[in-house]
There are 2 protein chains.
Amino acid sequence: MLKKQLIMEKALELFSEQGFEATSVQQITERCGISKGAFYLSFKTKDELIISMVEHYLQQFIADVDQVVRSSLSKDIILVEFYKSIFQAFKNNAASARVFFNEKVLLSKKELFQKIMAYDADMSKSIIYMLEQLYQDELHETKYDVMYCIKGFMKSYSELFIFSDIPLDLDQLAKSLAEKTEIIARHTTIPFITEELVQLTPEPYNEKVSQESLLELIEQYLNGLEESIERESLELLKFQVENPTYSKPILKGLIENIRLQPDYRWVAYVIAKYFNI
Amino acid sequence: MLKKQLIMEKALELFSEQGFEATSVQQITERCGISKGAFYLSFKTKDELIISMVEHYLQQFIADVDQVVRSSLSKDIILVEFYKSIFQAFKNNAASARVFFNEKVLLSKKELFQKIMAYDADMSKSIIYMLEQLYQDELHETKYDVMYCIKGFMKSYSELFIFSDIPLDLDQLAKSLAEKTEIIARHTTIPFITEELVQLTPEPYNEKVSQESLLELIEQYLNGLEESIERESLELLKFQVENPTYSKPILKGLIENIRLQPDYRWVAYVIAKYFNI
DNA sequence: TTGACAAATGACCGATTAGTCATTAGTATA
DNA sequence: TATACTAATGACTAATCGGTCATTTGTCAA
């Protein structure tokens, strides 16, 4: 487990410097100070490595954003907090962002392409959820356009984090983009992304979380967790997946316990989705 | 010259299908129906090929956009025409866009990275020029933010062309984005990209066009041009570069002649820049 | 100290790559 | 036809790649 993390860290550095295809397994193992054989004890192939890395990064990102979106923050600050969490993530993981948001070589690997599209759809859903909470019926036809604009702001402004090292005022940035979003939401009258258009775009194949696969996921995360409140919470939740008896508030509380552990936000996100919380 | 074009075309197909690194020179030559040796008569290395392709594509794109921006279209339609030209380019070159706007492997090649940044800066300048024409002093501090938003819209909405084949109404799209741009420009009050921030970002090394290099470029384009009004115009302009005597309107007229030939928009753009037109 | 097992090694393999160059094919001139 | 020149070929090389596996090293309990 630790070896896997080491490899992923060092590989990220190298991919960020040279790109995925241009980095050899040899180079990765050299930087890790391990042998080539040891690499293949952790990952079956080089592709499995990059897939794991992409999943890890995107899962964190999506779970982070979703947490803000589903939080009970008041309407007037939720947009600001939304942007803050996004760019905080960019700042903290500039190297990852460089590799995964840009290196679309990844897209030529069909398995990854599917997954990335699915994660992107998750992100879209979170944004739409936020917009619906914020504006309810005020946005008639322009909901999806506002969502596209938000994603455009993210893409455009994230370059500041990816291509330069200038220290940036995240609060100011978040405020500025929140205002822009607000303005677009309030004033747009000509929609382009209509409901029909959304229907036309092929729904990315989003593995619906089965009870089985969720139990497997939880088991996997339990392995990395020593005796603690978080572990107990996760164990309780595992039983609940098999045999639900607790009320929603209790479930939500248990999930929040898990979310406190940064590396466990993804499993919290998936469980919350499973219980529709 | 023709061989080069053939190679670039077929290579684009393959890169679009498999990515750059995953495509071998062998595959390219096979699809072209030529030998491996013949490839190396046209390009010194595989890298030189991808660099040429990126340059060709970006040059077309930038020259197209700049033409609209510098045109004498009335203020109320220029934004719409601007977006129309951009997405027309995306539509016509979806394959190129797929490869060059996304495959940022390219960025790991430092020479290309520099060039792409320089082209991006050209694009930014065109957009800023347009905004200054449109809003003059009405935009105080938010000029650069509006520019970032425009680039964000481009990035976000271009996905529709890159990841799906749904037929899209370009007019509607252009109108919708023009409205959004207008709204942002009129209402934004909280800037983030300040003049100082722009000063801080390292000016991309933009080869200033020397007389020599311009003459070389013109010569290169003259080779591909048979006897015609366009050729005569370009020849006249060549003499003007060496020894300027004509007035601006005449120069502008000659440049417009060149621009009529689609493949020659780039040289027209560079000459116009040289003469400050 | 021994023996049993797991963890880790790195030499090795077949496949593939970018790039070269001696050779040939094609064409224009005399 | 003979000569001279360029355009084009593809077998070849040296290097590198992802991945394997017989072997060694390290770590336990007995």
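In what follows, every chain begins at residue 1, and chains take the letters A, B, ... in the order their sequences are listed.
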Tell me: [atom1] of [X] to [atom2] of [N], nearest whole Å?
X     : N      : atom1 : atom2 : value
A/K44 : D/dG19 : NZ    : P     : 12 Å
A/Y40 : C/dG10 : OH    : C1'   : 13 Å
B/L49 : C/dG19 : CG    : C1'   : 14 Å
B/L6  : D/dA8  : CG    : P     : 11 Å
A/K36 : D/dT23 : NZ    : P     : 20 Å
B/F43 : C/dT20 : CZ    : P     : 16 Å
B/E30 : C/dT16 : CD    : P     : 12 Å
B/F39 : C/dG19 : CZ    : C1'   : 10 Å

So, B/D64 and B/Q60: side-chain donor and acceptor under 3.5 Å apart, yes or no?
no

Can a donor-acceptor pair be found between the side chains of A/Y269 and A/Q59 at a distance below 3.5 Å?
no

When you measure from the side chain of [X], which nucleotide among [options] comes out closest?
X     : options                : value
A/I34 : D/dG18, C/dT9, C/dG19  : C/dT9
B/T45 : C/dA8, D/dG19, C/dG19  : C/dG19
B/L41 : D/dA8, C/dA18, D/dG19  : D/dA8
A/A38 : D/dG19, C/dA18, C/dT9  : C/dT9
B/S35 : C/dG19, D/dG10, C/dG10 : D/dG10

Touch class at under 4.0 angstrom, heavy-atom based, for B/T23 against every strand present
sugar-phosphate

Describe, in one word, how the ring planes of A/F161 and A/F90 are oriented to each other, choosing from parallel (under 30°), tilted (30 to 60°) and perpendicular (over 60°).
parallel

For a quick test of reading the model, state the closest non-hydrogen atom pair linking A/Q211 to A/E242 and the distance between them.
NE2-CA, 3.7 Å

Output field: ring centroids B/Y157/B/F87 closer than 6.0 Å
no

